[in-house]
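Only one structure is covered here, and it is reproduced in the block below.
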Protein chains: 2
Amino acid sequence: MNPVATKTNRTTLRVVIAEDQGMVLGALAALLEIEGDISVVARARNGKEAIDAVLQHKPDVFITDIEMPVMTGLEVAAELKRQRCPTRIIILTTFARAGYLRRALDAGASGYLLKDMRAEELAEAVRRVHRGLRVVDPELAAEAWSEPDPLTDRERQVLRLAGEGKSSGDIASDLSLSEGTVRNYLSEAISKLGATNRVEAARIARTKGWL
Amino acid sequence: MNPVATKTNRTTLRVVIAEDQGMVLGALAALLEIEGDISVVARARNGKEAIDAVLQHKPDVFITDIEMPVMTGLEVAAELKRQRCPTRIIILTTFARAGYLRRALDAGASGYLLKDMRAEELAEAVRRVHRGLRVVDPELAAEAWSEPDPLTDRERQVLRLAGEGKSSGDIASDLSLSEGTVRNYLSEAISKLGATNRVEAARIARTKGWL
DNA sequence: GCGGAACAATGACATTTGTCATTGCGTCTG
DNA sequence: CAGACGCAATGACAAATGTCATTGTTCCGC
């Protein structure tokens, strides 16, 4: 099925996959193994395992989910780049969020794929990225640069806790702030995001990938 | 009309899969196709397609996600049972929610698997279910029967909107109720769920699968 | 070294939210 | 048929939330 791989029999592409849902992890591995020119050399189910696996196996391409226990895929990508690891990185996620994409590219990722793309595109993306190309949904890329995250660190922190249902008082003691200060930050965040209350603000920030 | 596999269990198991994330759909199909005795005869990316595919192909087993466009996997399962379709149904989802499991079994499903189980268990579950057995995580099953959904329809409705960040006033006009009534329902829901505010209540209800 | 930004706080105020008691209506169900 | 339950509403009250003005601090860039 693949002319390049079968004809020239070049070194197969070595891949490591990180994904916390075992079913999906196994399935993606099966999907890639079908391709003659790709070999899955290791699997990881959380961020820490992923780093160990990549450093040990030095694969050509590393595919990772974002939302994982211990360490997110974005954090793993940043750490690998910090260690000058030459492995190309593809982020594979459910979420078409501008903020995620931006952070992914900042962290040195070469690709950003959505899980609702066609399955065939995964293997193709692996080959593209290995050749040094970038693979990013053009529509999402456009959106990513249009609107930068307006929140400060404190606003983000406070908003995250508020979105989980904590009261201003709870948040204040969690962060060792006064309750008034917490209300100030929330008020700022609400106005910056054009929301009318903390819950809506948190929802908006979440969909943009700013939380 | 009905090619039953009762020979010398040499016949392949025919399967239909429904899953809205293309990448996962393709990957799961690949995973099952690896098994010599299972064949994926159709794929669907939403609830409506799923029903059509199952009715047309009459597979031995139907595997479906819950959260899909057009119609949820639970609704699909209920509809198939209503039409006396003999196909065995496996729900495959991310969420270990008691409410989901209960509704799945009510809808006549034979299996309830979590996406974070080991990938090898899927094929095994297909075979088990085809033999007429049930496949349900025992831990989750225990929880499902322990705690029934305490919310009334109105409480659920109001809580859902509140969880999206709407104010009591918004919810009132959305549902053509007075604002006081909305507050009453929310107060009831908060107390029933042991929460301290609407956001926490919505969060709790969501994790239990009651929303 | 000056201005700007993020951080932190206080006080005052209006609005929203959560609670409770109470009433009324309709629909089941034993 | 009585009683239970869900639905819908009102009024009153306390608590939480959101807004604004104002005052400090520190740190960073120009």
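Each chain gets a letter, A, B and so on, in the order the sequences are listed, and its residues count up from 1.
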Please walk me through it: do B:Val126 and B:Glu35 pass side chain to side chain contact (heavy atoms under 4.5 Å, CB included)?
-> CA-CA 11 Å; B:Val126 168; B:Glu35 310 286 322; over 6 Å; no
Have a look at the helix from C:dG1-D:dC30 to C:dG30-D:dC1 and give the angle its two end axes make, five pairs each, rounded to 10 degrees.
-> 40°
Side chains of A:Tyr185 and A:Ile171: does their closest heavy-atom pair fall under 4.5 Å?
-> no
Nucleic acid footprint by protein, nucleotides 3-22 of chain C - heavy-atom cut-off 4.0 Å, B for base, S for sugar-phosphate alone | ---SBBBB-B----BBBB--
Answer yes when B:Glu200 and B:Arg203 have at least one side-chain N-carboxylate O distance shorter than 4.0 Å, and no when they do not.
-> no
Is there a donor-acceptor pair closer than 3.5 Å between any side-chain N or O of A:Asp20 and the backbone N or O of A:Asn46?
-> no
Distances for protein N or O near nucleotides 27-30 of chain D N or O, under 3.5 Å:
none

Step through the shown structure and confirm whether more than 12 heavy atoms of other residues, nucleotides or ligands are within 6.0 Å of CD on A:Gln83.
-> yes
Thinking salt bridges, do A:Arg102 and A:Asp106 make one under a 4.0 Å N-O criterion?
-> no
Can we say B:Glu188 and B:Arg154 salt-bridge, meaning some charged N sits less than 4.0 Å from an Asp/Glu carboxylate O?
-> no
N-O pairing of A:Arg45 and B:Asp116 below 4.0 Å | no
May I ask you to say whether B:Arg160 pairs ionically with B:Glu164, meaning some side-chain N is under 4.0 Å from a carboxylate O?
-> no
Decide yes or no on side chain to side chain contact (heavy atoms under 4.5 Å, CB included) for B:Met23 and A:Leu28, but give the supporting numbers first.
-> CA-CA 8 Å; B:Met23 210 69 87; A:Leu28 287 173; 4.1 Å; yes
